[in-house]
Chemist: 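My questions all concern the structure below.
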Amino acid sequence: MKILVTGGAGYIGSHTVILLIESGYDVVIFDNFSNSSKESVARVENIVQKKIPLIKGDIRNKEDVENIFKAHNIDAVIHFAGLKAVGESVEQPLRYYDNNIYGTLVLCEVMQKYGCKSIVFSSSATVYGDPLSTPITESFPCSATNPYGRSKLFIEEMLQDLYTSDKAWKIVLLRYFNPIGAHESGTIGEDPNGIPNNLMPYITQTAVGKLSCLGVFGDDYDTHDGTGVRDYIHVVDLAEGHIKALEVIDTLEEVLTVNLGTGIGYSVLDMVKAFEEASGKEVPFCIAPRRAGDIAKCYADPSYAKEVLQWEAKKNIVQMCEDSWRWQQNNPNGYKGS
Ligand code: NAD
Ligand code: WQD
């Protein structure tokens, strides 16, 4: 079975490609490298000891996408390609709508034309907006608080409409919670551009001495220690969820929407402590004002994933911190400089 992985050079995509190959799938990676580099794919090839077809192109460019389907017999698509920075999406909404929504539209048009109607889509817990309670089940109401989230929500609805129009489509919407960690080899991981927005890369870059101090965004939330609570999930567990989605995709008789999380909520201060214990490094921090748009608590009810995908997260917070740290320590400048 041949899988097209859009955004396969990125953080989650690169980890998923490893598991796909280890599970016996043929893989074609398609990426425009707007937030990644060929180096990640070279390192994945080194891990799996196999050459992987890699095509540079943009999902918004119909010709680029058609060329893949002409050259390869694609059975299913795992669609990671997208822009993902919440703050940037507020500043550049049109860029996000163009890249994420229009890009997915072009991809689906080409898939339809070539009779490939199976897609696993990277959605996000952000579609739950500010949830009324936790843990969050898939039936919670959805809303968006920023253009990035709105792009995910719209794509989910677009894919649902596509299924309604043609039941031959097989669609899985995976709502990821907060992916962290890295492949245990320490050779691939998250490589944000500039100063990280997300907590774990900020912590690891502080620990390695690239940043001086972690700002903890608010300590007056209604949580056990006042700092924001999230469901951090190891990226390899997340990748595994995609393999499980492919295993059931042919049997689907409706659009399948699934949370991928651990079900456990950790606060910012819990994460600092867990990281310090796992790495033996101190993470200096100071309490800063709340970040606009942040919510107090967000963690999954992961029981539906267990029921329909036979999937559950296996790696604990210590492994997540150890693996994030190994990647950061071995690659203080990410893929740059290699
Ligand atoms: P990433 O930026 O590392 O990977 C995305 C990849 O897509 C990059 O390699 C980028 O170059 C590529 N890309 C972007 N636009 C493209 C385009 N128009 N054409 C071709 N390639 C394009 O991000 P990630 O963390 O691996 O996230 C993957 C997906 O998961 C994204 O859709 C993201 O929105 C979603 N997601 C991520 C998180 C998270 O916290 N990392 C959480 C929930 C959902
Ligand atoms: C986690 C916690 C912050 C940085 C974002 C997107 C979401 C999804 C995952 C894509 C919060 C606190 C953070 C820092 C801090 N991405 N924090 N200091 O906000 O849960 O989710 O990434 O879909 O859509 O919104 O993740 O890692 O940014 O923050 O105190 O320097 O850490 O306030 O409580 P978030 P995050």
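Whatever order the structure lists them in is the order used to number ligands and atoms, beginning at 1. Worth saying up front: this structure is predicted, and the values here are computed from it rather than measured.
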Chemist: Charged N to carboxylate O under 4.0 angstrom, Lys56 versus Asp64?
Modeler: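 No salt bridge links Lys56 with Asp64.
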Chemist: Examine the proximity of ligand 1 to Phe33 and report which part, side chain or backbone, both or neither, has a heavy atom under 4.0 Å away.
Modeler: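 The part of Phe33 near ligand 1 is the backbone, not the side chain.
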Chemist: For the 3.5 Å polar cut-off, considering only N or O atoms, please tell me whether Asn178 and ligand 2 meet it.
Modeler: yes
Chemist: Considering only the protein, which heavy-atom contact is closest to atom 38 (C) of ligand 1, and what is its distance?
Modeler: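 Nearest protein contact, heavy atoms only, for atom 38 (C) of ligand 1 is Pro179 CG, 4.0 Å.
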Chemist: Between Glu190 and ligand 1, find which residue part has any heavy-atom pair under 4.0 Å and reply side chain, backbone, both or neither.
Modeler: neither
Chemist: Compare Tyr232, Tyr148, Tyr221 and give the one whose heavy atom is closest to atom 10 (C) of ligand 2.
Modeler: Tyr148
Chemist: Need the ligand 1 atom indices (1-based, order shown) with element for anything under 4.0 Å from a heavy-atom of Gly57.
Modeler: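 Those atoms are 19 (N), 20 (C).
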Chemist: Answer yes or no: does an N/O atom from Ala9 fall short of 3.5 Å to an N/O atom of ligand 1?
Modeler: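 In fact, backbone or side chain, Ala9 has no N or O that close.
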Chemist: Can you find an N or O of Tyr176 that's nearer than 3.5 Å to an N or O of ligand 1?
Modeler: no
Chemist: Which protein non-hydrogen atom lies closest to atom 13 (N) of ligand 1, naming both residue and atom, and how far is it?
Modeler: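 Its nearest protein heavy-atom neighbour is Asn32 OD1, 3.4 Å.
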Chemist: Under 4.0 Å from ligand 2, counting heavy atoms only, is it the side chain of Met271, its backbone, both or neither?
Modeler: neither
Chemist: Counting each atom of ligand 1 from 1 as listed, which ones have a heavy atom of Ser123 under 4.0 Å away?
Modeler: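 Those qualifying, in numeric order: 43 (C), 44 (C).
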Chemist: Looking only at distance, does Asp31 have an N or O less than 3.5 Å from an N or O of ligand 1?
Modeler: yes
Chemist: Give yes if a backbone or side-chain nitrogen or oxygen of Phe80 is under 3.5 Å from a nitrogen or oxygen of ligand 1, and no if not.
Modeler: yes
Chemist: Between Asp301 and Asn259, do the side chains contain a donor N or O and an acceptor N or O under 3.5 Å apart?
Modeler: no
Chemist: So is Val268 polar-close to ligand 2, meaning N/O to N/O under 3.5 Å?
Modeler: no
Chemist: What do we get for Ala125 next to ligand 1 when only non-hydrogen atoms under 4.0 Å count, side chain, backbone, both or neither?
Modeler: neither
Chemist: Any nitrogen or oxygen of Lys84, main chain or side chain, under 3.5 Å from a nitrogen or oxygen of ligand 2?
Modeler: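 Between Lys84 and ligand 2, no N or O pair is found under 3.5 Å apart.
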Chemist: Does ligand 2 have any atom sitting under 4.0 Å from a heavy atom of Tyr128?
Modeler: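 Tyr128 does not count as a contact of ligand 2 under the 4.0 Å cut-off.
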Chemist: Measure the distance from atom 37 (C) of ligand 1 to every protein heavy atom, then report the residue, atom name and distance (to 0.1 Å) of the closest one.
Modeler: Ile12 CD1, 3.8 Å
Chemist: Under the 6.0 Å and 45° cation-pi test, does Lys152 pair with Tyr148?
Modeler: no
Chemist: Do the charged groups of Asp191 and Lys336 touch, with an N to O distance under 4.0 Å?
Modeler: yes
Chemist: Please determine if Glu109 and Lys113 form a salt bridge, counting it only when a charged side-chain N lies under 4.0 Å from a carboxylate O.
Modeler: no
Chemist: So, Phe121 versus Trp169, ring centres under 6.0 angstrom or not?
Modeler: no
Chemist: Looking only at the side chains, is there a donor atom on one of Asp31 and Thr6 sitting less than 3.5 Å from an acceptor on the other?
Modeler: no
Chemist: In the protein, which heavy atom is nearest to atom 4 (O) of ligand 1, and how far is it?
Modeler: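 Closest protein heavy atom to atom 4 (O) of ligand 1: Gly10 CA, 3.5 Å.
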Chemist: Within a distance under 4.0 Å of any heavy atom of Ser36, pick out the atoms of ligand 1 and give their elements.
Modeler: 8 (C), 9 (O), 11 (O)
Chemist: Name the one of Arg175, Glu138, Lys244, Glu307 that satisfies side chain to side chain contact (heavy atoms under 4.5 Å, CB included) with Val258?
Modeler: Glu138
Chemist: So which protein heavy atom does atom 2 (O) of ligand 1 come closest to, and at what separation?
Modeler: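 Nearest protein contact, heavy atoms only, for atom 2 (O) of ligand 1 is Asn35 ND2, 2.7 Å.
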Chemist: Any nitrogen or oxygen of Leu199 lying under 3.5 Å from a nitrogen or oxygen in ligand 2? Just yes or no.
Modeler: yes
